[in-house]
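Notes follow once the structure below has been shown.
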Amino acid sequence: MAKLEYIWLDGYKPTQSLRSKTKIEKDFSGKLEDCPNWSFDGSSTEQAPGGSSDCILKPVFICPDPQRKDGFLVMCEVLDSTGAAHESNGRALIMDDDNDFWFGFEQEYFLWDPKTNKPLGFPEGGYPGPQGPYYCSVGANNAFGRDIVEEHLDVCLEAGLNVEGINAEVAAGQWEFQIFSKGAKDAGDQIWVARYLLERIGESYGVAINWHCKPLGQLDWNGSGMHANFSNTTLRTAASEATFKAICESFRPAVAECIAVYGADNDQRLTGKHETAAITDYSYGVSDRGASIRIPLYSVQKGWSGYLEDRRPNSAADPYKVAAVIIKTVKSAKL
Ligand code: ADP
Ligand code: MN
Ligand code: MN
Ligand code: MN
C-alpha cells in the first residue's frame, strides 16, 4: 500500500498556504501518470462556495517521501469543478512550454517558537544581541535550530529536490535554502514541496516556520526574501551588456504588476534598508545588493552572459506567480 500525500495551495488572500491529505493506492508504480485526479472540499479552503464545494486536484509533480513508509509527495494544481485552472492556481499562469527559463530561488524563513512568539534564539521577554554575528555562524551563542535545518536538508536531498545550498541568515533564528531548476514550473514545485517538508519537520520539534517577510516589524532586524535568480537562452548567451540592460529596463514599466505578486506586506520589507531597494523605486546594478535587480558579477565576468537576480520577491511569495510575471516581463523586453 502506497501513501500518496496530495499537496495543494489554498485560496486564502493575500498569502496562500499549504494543504494536504493522504490517498492510499494499491500496487502504485511511483509514476506521476499513475496518480489519479482527486477532489477536496473547496468551501473549507476559500476556493469554492458550500453549495458547490468540489475542487479538483491534478497531480503535477511527484517525489518519494523519505520520512514515511511507502510514501510519496504529490504536488497538485487546483482545478475548478469544470476542469479549468482555479483562480488561485498560479502555476497555470507560467507561459514557458519549452522550459527555456531557469530559476534559482533563495528561500529565507524564520524558525519560530510558538510559546514565546519569537524566533529561536530570542530570550523570553527580550532580545538577543544585535545583528552581526548570526549570518553563516557556528556555535550555540549564534546559531539556533541547526538540527531542524540539517534534517530538512537531508530529507530534501533524499526526496530528490535540487537544493543547492543552505546558510544561517542575518537575523537570529533566520535561515535560507536555495533550490534551482531548469524549468519554472519545476522550480516552483520543488520550492513548495521543500516548504511542506520544513513545516512538517518543524511539527516534530514544536517549532513553527514563519514565512512573513518582516516578522519582527520595523526593529533593526532583517526581513525575509525569496530572491529569484533567472535566465533564459537570451541571457545565458547574450555576450552583450546592451541585452542585459534592455531586459532590466523591461521591468521598469512592470513594477506594480511585479510587486502585486512578490508577497504580502512587502512595503514593510522593501524600505531601502537591510539590503533592499525601496518598494516605490526601481533600480538595477552590477553586484548591487541595494538594487531591485542585481546583475551578478558572475554574469559580467562571463562577458555579459548569465543570469539576473530579482531581489524583491519575499519569503511568503508564491514562486509560481513570481516566475510567471518574470517570464512575461522578460519576453516583453525590446531587444
Ligand atoms: P546570493 O546569496 O549571493 O544572492 P545564492 O548562492 O544564495 O546567492 O543564490 C544564487 C542562486 O542563483 C542559486 O540558487 C543558483 O542556482 C542560481 N543561479 C545560478 N546560475 C543561474 C542561471 N543561469 N539561471 C538561473 N539561476 C541561476
Ligand atoms: Mn543567498
Ligand atoms: Mn539570503
Ligand atoms: Mn540573493
Side-chain angles (χ1 to χ4, degrees), residues 94 96 98-111 119 131-132 134-137 143 149 153 156-157 161-191 194-195 198 210-211 213-215 221-239 243-244 247-248 262-263 269-270 273-277 284-317 319 322-323 326-327 329-330:
I94 295 174
D96 184 36
D98 59 355
N99 288 330
D100 185 43
F101 278 81
W102 301 353
F103 277 86
F105 290 107
E106 301 168 56
Q107 175 73 64
E108 295 177 341
Y109 60 93
F110 279 86
L111 294 176
Q131 289 187 166
Y134 307 113
Y135 172 73
C136 295
S137 62
V149 172
L153 176 60
C156 284
L157 293 175
L161 304 184
N162 192 42
V163 178
E164 293 214 316
I166 58 170
N167 58 273
E169 267 301 338
V170 173
Q174 189 187 31
W175 296 82
E176 167 178 317
F177 62 85
Q178 303 107 36
I179 285 185
F180 171 81
S181 179
K182 294 181 175 178
K185 288 182 176 177
D186 189 66
D189 296 337
Q190 293 198 38
I191 285 285
R195 286 180 179 181
L198 186 56
N210 194 326
W211 306 104
C213 69
K214 203 72 184 174
W221 294 98
N222 271 32
S224 296
M226 187 182 64
H227 297 166
N229 299 275
F230 61 92
S231 64
N232 61 353
T233 300
T234 305
L235 280 165
R236 288 189 294 271
T237 62
T243 298
F244 267 71
I247 288 173
C248 287
Y262 280 3
R269 164 178 167 263
L270 298 178
K273 290 194 288 187
H274 300 117
E275 299 176 46
T276 68
Y284 55 89
V286 175
S287 287
D288 187 351
R289 286 170 198 272
S292 313
I293 291 187
R294 176 172 67 103
I295 304 170
L297 191 59
Y298 167 92
S299 299
V300 178
Q301 285 173 341
K302 289 263 162 189
W304 291 94
S305 297
Y307 68 101
L308 290 169
E309 176 191 47
D310 193 332
R311 300 177 58 79
R312 297 170 296 171
N314 78 33
S315 45
V322 171
I326 288 175
I327 290 167
T329 306
V330 171

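All ligand and atom numbering here is 1-based and tracks the order in the structure. Since the structure is predicted, the reported quantities are computational estimates derived from the model, not experimental observations.
With R311 contributing its side chain and G290 its backbone, the two residues share no donor-acceptor pair below 3.5 Å. Remark: the backbone N or O of G223 is paired with a side-chain donor or acceptor of Q174 at under 3.5 angstrom. Within the 3.5 Å criterion, the main-chain N or O of T276 finds no donor-acceptor partner in the side chain of R312.
Partners of W211 by side-chain hydrogen bond (donor to acceptor under 3.5 Å, both in side chains), not counting sequence neighbours, listed by chain and number: E199. Legend: residues meeting ring-ring contact (aromatic ring centres under 6.0 Å, His included) with Y307, ordered by chain and number and at least two apart, are Y298.
Between the side chains of Y262 and D310, at least one donor N or O lies within less than 3.5 Å of an accepting N or O. Counting only N and O atoms by type, the side chains of T233 and D100 include a donor and acceptor under 3.5 Å apart.
Screening V322, I179, D186 for a side-chain contact (heavy atoms from CB on, under 4.5 Å) with I191, the sole residue that qualifies is I179.
Taken from CD in Q190 to CG in L161, the straight-line distance is 5.0 Å, to the nearest 0.5 Å.
For the pair OE2 of E169 and OE2 of E108, the angle whose vertex sits at the Mn ion (ligand 3) is 90° to 10 degrees.
Listed as neighbours of ligand 1 are W102, G104, E106, E164, E176, Q178, F180, N229, F230, S231, R289, R294, Y307, E309, each bearing a heavy atom under 4.0 Å from the ligand.
Put simply, the side chain of F105 does not reach to within 4.5 Å of the side chain of H227, judged on heavy atoms.
Protein N/O/S atoms closer to the Mn ion (ligand 2) than 2.8 Å number 2 in this structure.
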